[in-house]
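To find a chain, count down the sequence lines: A is the first, B the second, and so on, and within it residues start at 1.
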Amino acid sequence: MHLRSMLLAGATALTATGAAAECAFDNDTPVKMLSAGFEAWKSVTDAMAECGNFEAELDQEFRTKQPAAFAADPSLYHLGGVSNGTITPLLNQGTVRPLDALVEEYGQHLKPNQLIRVGGQIMAVGMMVNTQHLMYRKDIFDELGLDVPETYDEVLEAAEVIEEAGVVEYPLGMTMKSGWNMGQDFNNMFIGYGGWFYDDEGMPTVNTEAGVNALETMKALTEYADPEVLVSDSTYVQQQFQQGKIAMANLWASRGGAMDNAEESQVVGDVYAAAAPRAVEGGPPATTLWWDGIVVARNITDAEAEAAFRVAMEGIDTEMVQESNDEAIWLIDGYQPNRLAEGAIATATAQPAPPSYPSTSQMGLMHTALGNELPAFFTGERSAEATLAAVEEAYITAAKEAGLLE
Amino acid sequence: MKFRTFAAFVAPSIVMMLIFIAFPLVTVFLNSFRITQPVVEQVEVETCTAGFLEQTCTTEIKTQPVLDAAGNQVTTTEWVGWLSYERVLGLAAMGEALAEGAWAGILNIDFWKALRFTLTFTLITLPLVIGLGLAIAIAVNNAARSLKGPVIFVSLLPFIITPVIGALSIRWLFYGDGIVTALLEQWLATDISVAANGWAIEILMMFYRVWHVAPFAFVIFYAGLQTVNQDTLESAIIDGANRWERLKYVIVPHLMPLIIFVALIHLMDAYRAFEEVVGFSSQAYRITLQWLTYDLLTPDDAGNRAISRASASAMLTMVGIVILLIPLLRRTWRDHHGKS
């Protein structure tokens, strides 16, 4: 620990002294960027700022701002930080530009894996992957002689043992806050049971056996979680972990760093990560894969786009990764996976692999419908079938208004 | 006053009202009767996304908006009559529930669920706010002169705090292992999960609203108390009226116009309750009409937003407020009419 903090301090000192020199070129075109506000983006934008004339806005509300800001002419930002969920409106409105030529000229060092292609054109450059996977307290599992669960049946068995042992307040943490989180939790489980959200015509297909199974497994899991689970989001579960109140959770890989943050966490070094559990034997891990990356606006001049892209390349280079190695599961050369990255890597490389979260207009509507309608099942107001029927109805109404269904 | 002078004073305010109130209101009204949609096409697209080591490419049929030559979305706008209202009110689902005789089913429809809570919330907090405000005002009025300043300051504090912060501080007292919950747990030796019960959240939301708004009622009533006719009060004392009778027959009638004023403001505000839902994350259990409008208007990750339904929902909220206010407005109008 001591050694680690000294190394970190050394690294910080280096950054401070050699700041301006680290950028390979002197940027004289003003470049602005809008992205999400988590740690990884902070490191990336700090690295970009070294080139000069760069201004970043890190805002968790970026997803509501970005589509309108990029649709303006000229665009209010040159660069955008997106994920596979939030790139959809930009692609739909055609407000981001293909990057093939720029990658050709300035992005030769990028791995093919980083080049996000839509219809053959490079539309974004990926920098990290994220996924929800199993994080668990290794000390508790060792003490009770438990194996790391690989399926949700095993999760339930382990939870039972942990509950009986009474070593933590609740065996499980769950990100089931009504709205987006709840929707995402269902998405994971539903996919794990082999379900898919809509058919080729865009009609909903969640009121199925997979849907009912997903809801029932989720309900069985809530028995071992904090009864206040319907208000608990990722940050809440992260804190439950840090305060030693839970023994395992299906949580975002990007939250891993916080477990070893000695300022907040009482369980430094005790939390390990494994692949997301499967819902059925031989199925994919019950989760979705996400990437975060950078897009360049369409409504700017080519010269600006070029400068913006070059700045972006400086932000996601090996130097940055070496300084901020533990903040994300980087796709960039030079990344050294640490203990907590193992889970995400095991999830992403599992066979069969979990799907990427779909970037479609329908998925946006479906996610909202799920997030709003599912809580009634968990409060006991509605049966699983009635709830899923309500989800489909809400989805159809919204899809008709959005013009996606006749 | 000369008309020119009058106009010069009033014009800026009228222009502002037109720009910021009348114009948006007309737009919302129109939007609730029309739907603007992008023209979409189905295309087969190959998407390659990042895995950890290698990419996964999938080819799927995607529904995409059509872009024109300049790269902008092609949209169509259609007048749809009452369609968006029907959708917000969930008339189809309501018909089914009624046909099956499942009355409770209606409360599962967002609008009616929100209306049920909003009305309960508004009508229960109203007497509490007025009662508590009056009680504080009378207490302060009777307090020793040296105490008045500090007491007024402390009473006003909840009103000064930013609403969401106030809601969050009460949430932190009760949610999870909040101080109050932890104390209760120790005292009762059981496990309490406040946020796992709809009714508990409902009570907390009302508690917060009363706590937050009572100081406003207090300030108004306290000002009113300064103008109570002392002669009338003294003659009431001589006539043998006790404290309660003086309050009932002298003070309250004197404050009546102010009570109606506070009631009007409170009805308008409480019916538009919003920060409670956000502050207490009550969406799973309780939603309000204003929150429903907000939720419809918030774009999802794919950028879809239900502008037409949000407009219809906003118009319905306005209609609801007007209906709630009618009895009080009629009374005020009658009073004025009677006097003149």
Checklist entry - Is it the side chain or the backbone of B:A93 that comes within 4.5 Å of chain A heavy atoms, both, or neither? => result both

Next on the checklist: Given heavy-atom pairs under 4.5 angstrom as the criterion, report whether the side chain, backbone, both or neither of B:F280 touches chain A.
Outcome noted: backbone

Checklist entry - Checking heavy atoms, do the side chain of A:V118, its backbone, both or neither come under 4.5 Å from chain B? => result both

Next on the checklist: Taking atom CD1 as the centre, does B:I179 end up with more than 12 heavy-atom neighbours from other residues, nucleotides or ligands that are less than 6.0 angstrom away?
Outcome noted: no

Checklist outcome for this item: One option among B:R309, B:E44, B:Q73 has the most heavy-atom pairs under 4.5 Å with chain A, and it is B:R309

Checklist entry - If you count heavy-atom pairs under 4.5 Å between each of A:Q93, A:K177, A:H367 and chain B, which one has the most? => result A:Q93

Item to check | Side chain, backbone, both or neither of A:Y335 within contact of chain B (heavy atoms, under 4.5 Å) | outcome: side chain

Checklist entry - Can you tell which of A:E228, A:M363, A:M182 has the highest number of heavy-atom pairs within less than 4.5 Å of chain B? => result A:E228

Checklist entry - So with a 6.0 Å cut-off around OH of B:Y294, is the heavy-atom count from everything else above 12? => result no

Next on the checklist: Within this structure, what is the OG1-CZ distance for the pair B:T298 and A:R63, rounded to the nearest 0.5 Å?
Outcome noted: 11.5 Å

Checklist entry - What residue in B:A92, B:P38, B:A50, B:A196 has the most heavy-atom pairs under 4.5 Å with chain A? => result B:A50

Next on the checklist: Is there a side chain to side chain contact (heavy atoms under 4.5 Å, CB included) between A:Y357 and B:T49? Walk through the geometry before answering.
Outcome noted: CA-CA 10 Å; A:Y357 181 87; B:T49 62; over 6 Å; no

Checklist entry - For the candidates B:L107, B:T47, B:N72, B:V39, which exhibits the highest count of non-hydrogen atom pairs separated by less than 4.5 Å from chain A? => result B:T47

Checklist entry - With a 4.5 Å limit on heavy-atom distance, are the side chains of A:S361 and B:N304 in contact? => result yes

Checklist outcome for this item: Greatest number of non-hydrogen atom pairs under 4.5 angstrom with chain B, of A:I122, A:I116, A:V229, falls to A:I116

Item to check | B:D177 versus chain A, the contacting section by heavy-atom distance below 4.5 Å | outcome: side chain

Checklist entry - So what's closer than 4.5 Å to chain B heavy atoms on A:F378: side chain, backbone, both or neither? => result neither

Checklist entry - Relative to chain B, which segment of A:N84 carries a heavy atom at a distance below 4.5 Å: side chain, backbone, both, or neither? => result neither

Next on the checklist: Is A:P358 close to chain B through its backbone or its side chain, or both, or neither, when contacts mean heavy atoms under 4.5 Å?
Outcome noted: neither

Checklist entry - Where does A:W180 contact chain B at under 4.5 Å (heavy atoms): side chain, backbone, both or neither? => result side chain

Next on the checklist: Do A:R382 and B:N108 have side chains that approach each other closer than 4.5 Å (heavy atoms only, starting at C-beta)?
Outcome noted: yes

Item to check | Residues A:L365, B:D300; criterion side chain to side chain contact (heavy atoms under 4.5 Å, CB included); working and verdict | outcome: CA-CA 7 Å; A:L365 298 172; B:D300 61 33; 3.7 Å; yes

Checklist entry - What part of B:V194 is in contact with chain A, defined as an atom under 4.5 angstrom from a non-hydrogen atom: side chain, backbone, both or neither? => result both

Checklist entry - Is chain A contacted by the side chain of B:L83, its backbone, both, or neither, given a heavy-atom distance below 4.5 Å? => result neither

Checklist entry - A:Q362 versus chain B, heavy atoms under 4.5 Å apart: side chain, backbone, both or neither? => result side chain

Checklist entry - Given the options A:P375, A:P355, A:S178, which has more heavy-atom pairs under 4.5 Å with chain B than any of the others? => result A:S178

Checklist entry - Among residues 396-406 of chain A, which ones touch chain B with a heavy-atom distance under 4.5 Å? => result A:T397, A:A398, A:K400, A:E401, A:A402, A:G403, A:L404

Checklist entry - For B:W187, does the CH2 atom have more than 12 heavy-atom neighbours from other residues, nucleotides or ligands under 6.0 Å away? => result no

Item to check | Stepwise side chain to side chain contact (heavy atoms under 4.5 Å, CB included) check, B:D295 with A:N372 | outcome: CA-CA 9 Å; B:D295 190 46; A:N372 285 344; 2.7 Å; yes

Item to check | chain B contact via A:L331 - which portion, at a heavy-atom distance below 4.5 Å | outcome: side chain

Checklist entry - So, for A:N92 and B:L67, which heavy atoms are closest and what is the spacing to 0.1 Å? => result O-CD2, 3.6 Å

Checklist entry - Atom CD in B:E60, atom OG in A:S359: separation rounded to 0.5 Å? => result 8.0 Å

Item to check | Side chain proximity check, B:T63 to A:T360, heavy atoms < 4.5 angstrom | outcome: no

Checklist entry - Closest heavy-atom contact between A:P227 and B:S193? => result CG-OG, 3.2 Å

Next on the checklist: Which atoms of A:E169 are under 4.5 Å from chain B, going by heavy atoms: the side chain, the backbone, both sets, or neither?
Outcome noted: side chain

Checklist entry - If you tally heavy-atom pairs under 4.5 Å against chain B, which of A:E393, A:R117, A:E373, A:E381 wins? => result A:R117

Checklist outcome for this item: Of the listed B:Q64, B:Q283, B:E54, B:R305, the one with the largest count of heavy-atom pairs under 4.5 Å with chain A is B:E54

Item to check | Portion of B:T75 that has a non-hydrogen atom of chain A nearer than 4.5 angstrom | outcome: neither

Checklist entry - Which distance, rounded to the nearest 0.5 Å, do you find between the OH of B:Y285 and the CG of A:L230? => result 4.0 Å

Item to check | Smallest separation among heavy atoms of B:S281 and A:V231, with atom names | outcome: O-CG1, 3.4 Å

Next on the checklist: Quick check on B:E78: does its CD atom have over 12 non-hydrogen neighbours (other residues, nucleotides or ligands) under 6.0 Å away?
Outcome noted: no

